[in-house]
Enquirer: 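Below: one structure in structure tokens.
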Amino acid sequence: MYELLDIFTEHSPVQGNTSCNVEAVKACIEAMLDYVAKDEAESKAVKDWMNATDFWSAPASTRFHGNFKGGLCLHTLMVIKQSLEFAKPVLDNFFTSPNAQAYTITARDIFLAALCHDFCKTGFYGTEYRNTKDITGNWVKQPFYKTRNENRNLGHGNESVLMMLEIIPSMIENRMVIEAVSRHMGFSDLSDSESFNYSNFLQNPLVVLLQLADQTAAQWFGM
């Protein structure tokens, strides 16, 4: 995981004012992906999908964190970074627990869970316009993001899982990553029936790690 953080530092893609240099973000994510991919075909499949969708240009939300062009890829990178930085203290603590023997986590697991957690936001937002006054008092059309009306949603995390499995079919064998992506929103993305046994998922340390990374990226850094 330290090698992945070195890649982040090398590219320095995130600026202190939360501005987004999309090309630097793209180069950083692709370099990390090349480092962890099991083979060239896997890396190519993910890159091809990201380039074919609006992953690099979409916002991360309509009015909260990352509500600007390129916000999704910037948020994704920040969640990757937060996941890697929190990994050692979180996992060192977890591996002293009674459940430690049931789990093995790799840097690849952490990276892919963070990378894929918001795949469902590709193609999710459209741009519309509203009339507003500029600083001179003239009416102008101001663009804003809005959730597309035609979206069909099985749940924020589960939609991302479906996309991840389509792009990287081998991940069907990695339940830890699937659970982390599916449950990264915590209780806010659950039906009543799913919440009944939600605590079982918290036994998976990758679920907790990804939730922590997602929340801190959005709430501490606004990305």
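Here the structure is a predicted model, which means the values were calculated and not measured.
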Enquirer: Side chain to side chain contact (heavy atoms under 4.5 Å, CB included) for Met164 and Leu112? Distances and angles first, verdict last.
Expert: CA-CA 9 Å; Met164 177 181 72; Leu112 288 178; 5.6 Å; no
Enquirer: Minimum heavy-atom separation for Cys73 to Val25, with atom names?
Expert: O-CG1, 3.6 Å
Enquirer: Going by heavy atoms in the side chains, are Leu115 and Val46 under 4.5 Å from each other?
Expert: yes
Enquirer: Would you name the heavy atoms of Leu5 and Lys81 that are closest together and state the gap between them?
Expert: CD2-O, 4.1 Å
Enquirer: Test Asn158 against Ser182 for side chain to side chain donor-acceptor pair (under 3.5 Å), laying out the working first.
Expert: CA-CA 5 Å; Asn158 289 334; Ser182 174; 2.7 Å; yes
Enquirer: Could you tell me whether the side chain of Val208 reaches within less than 4.5 Å of the side chain of Phe94, counting heavy atoms only?
Expert: no
Enquirer: Measuring only between side-chain heavy atoms, which start at C-beta, is Pro205 closer than 4.5 Å to Leu91?
Expert: yes
Enquirer: If you take all heavy atoms of Gln203 and Tyr103, which pair is closest and at what distance?
Expert: O-CE1, 3.4 Å
Enquirer: Test your reading of the model: is there a side-chain donor-acceptor pair from Ser160 to the backbone of Cys120, 3.5 Å cut-off?
Expert: yes
Enquirer: Please report the shortest heavy-atom distance between Ile105 and Asp109, naming the atom on each side.
Expert: CA-OD2, 3.7 Å
Enquirer: List the residues meeting side chain to side chain donor-acceptor pair (under 3.5 Å) with Glu42, not counting sequence neighbours, and say none if there are none.
Expert: Arg108
Enquirer: To the nearest 0.5 Å, how far apart are CG in Asn93 and NZ in Lys88?
Expert: 11.0 Å
Enquirer: Is there a continuous path of hydrophobic side-chain contacts, each under 4.5 Å between heavy atoms, that joins Leu210 to Leu72?
Expert: no
Enquirer: Verify side chain to side chain contact (heavy atoms under 4.5 Å, CB included) between Thr76 and Phe55, making sure each step is shown before the conclusion.
Expert: CA-CA 10 Å; Thr76 297; Phe55 178 81; 3.8 Å; yes
Enquirer: First locate atom CG of Asp54, then atom NZ of Lys121, and finally report the distance between them rounded to the nearest 0.5 Å.
Expert: 12.5 Å
Enquirer: In terms of side-chain heavy atoms, does Lys26 have a donor or acceptor partner in Asn51 at a distance below 3.5 Å?
Expert: yes
Enquirer: Compare all side-chain heavy atoms of Pro13 with those of Cys28 and state whether any distance is below 4.5 angstrom.
Expert: yes
Enquirer: Side chain to side chain contact (heavy atoms under 4.5 Å, CB included) between Glu179 and Leu206: does it pass, once the steps are laid out?
Expert: CA-CA 8 Å; Glu179 288 182 355; Leu206 192 54; over 6 Å; no
Enquirer: With side chains defined as the heavy atoms from C-beta onward, is the minimum distance between Arg183 and Asn204 less than 4.5 Å?
Expert: no
Enquirer: Mark yes or no for whether Asn21, through its side chain, and Ala24, through its backbone, hold a donor-acceptor pair below 3.5 Å.
Expert: yes
Enquirer: Please assess Met163 against Trp49 for the test side chain to side chain contact (heavy atoms under 4.5 Å, CB included), listing each intermediate value before the final yes or no.
Expert: CA-CA 10 Å; Met163 292 180 177; Trp49 178 84; 4.1 Å; yes
Enquirer: What's the spacing between Phe119 CZ and Ile167 CD1 if we round to 0.5 Å?
Expert: 5.0 Å
Enquirer: If hydrophobic clusters are built from ILVMFWY residues whose side chains come within less than 4.5 Å, do Leu74 and Val79 share one?
Expert: no
Enquirer: Between Trp56 and Ile29, which heavy-atom pair has the shortest distance, and what is it?
Expert: CZ3-CD1, 3.9 Å
Enquirer: Rounded at 0.5 Å granularity, tell me how far CD in Gln82 sits from NE2 in His75.
Expert: 10.5 Å
Enquirer: Could you work out, with side-chain contact (heavy atoms from CB on, under 4.5 Å) as the rule, every residue matching Asp6, not counting sequence neighbours?
Expert: none
Enquirer: Any non-hydrogen side-chain atom of Met50 less than 4.5 Å from a side-chain atom of Thr122?
Expert: no
Enquirer: Are side-chain heavy atoms of Phe111 and Thr106 found at a separation under 4.5 Å?
Expert: no
Enquirer: Report the relative orientation of the aromatic rings in His117 and His184; use parallel for angles under 30°, tilted for 30 to 60°, perpendicular for over 60°.
Expert: perpendicular
Enquirer: Testing the basics here: between Leu212 and Thr216, what is the closest heavy-atom pair and its distance to 0.1 Å?
Expert: O-OG1, 2.8 Å
Enquirer: How many angstroms lie between atom OG of Ser83 and atom CG of Leu209, to the nearest 0.5 angstrom?
Expert: 5.0 Å
Enquirer: Will you find, in the side chains of Ser43 and Asp34, an N or O donor that is under 3.5 Å from an N or O acceptor?
Expert: yes
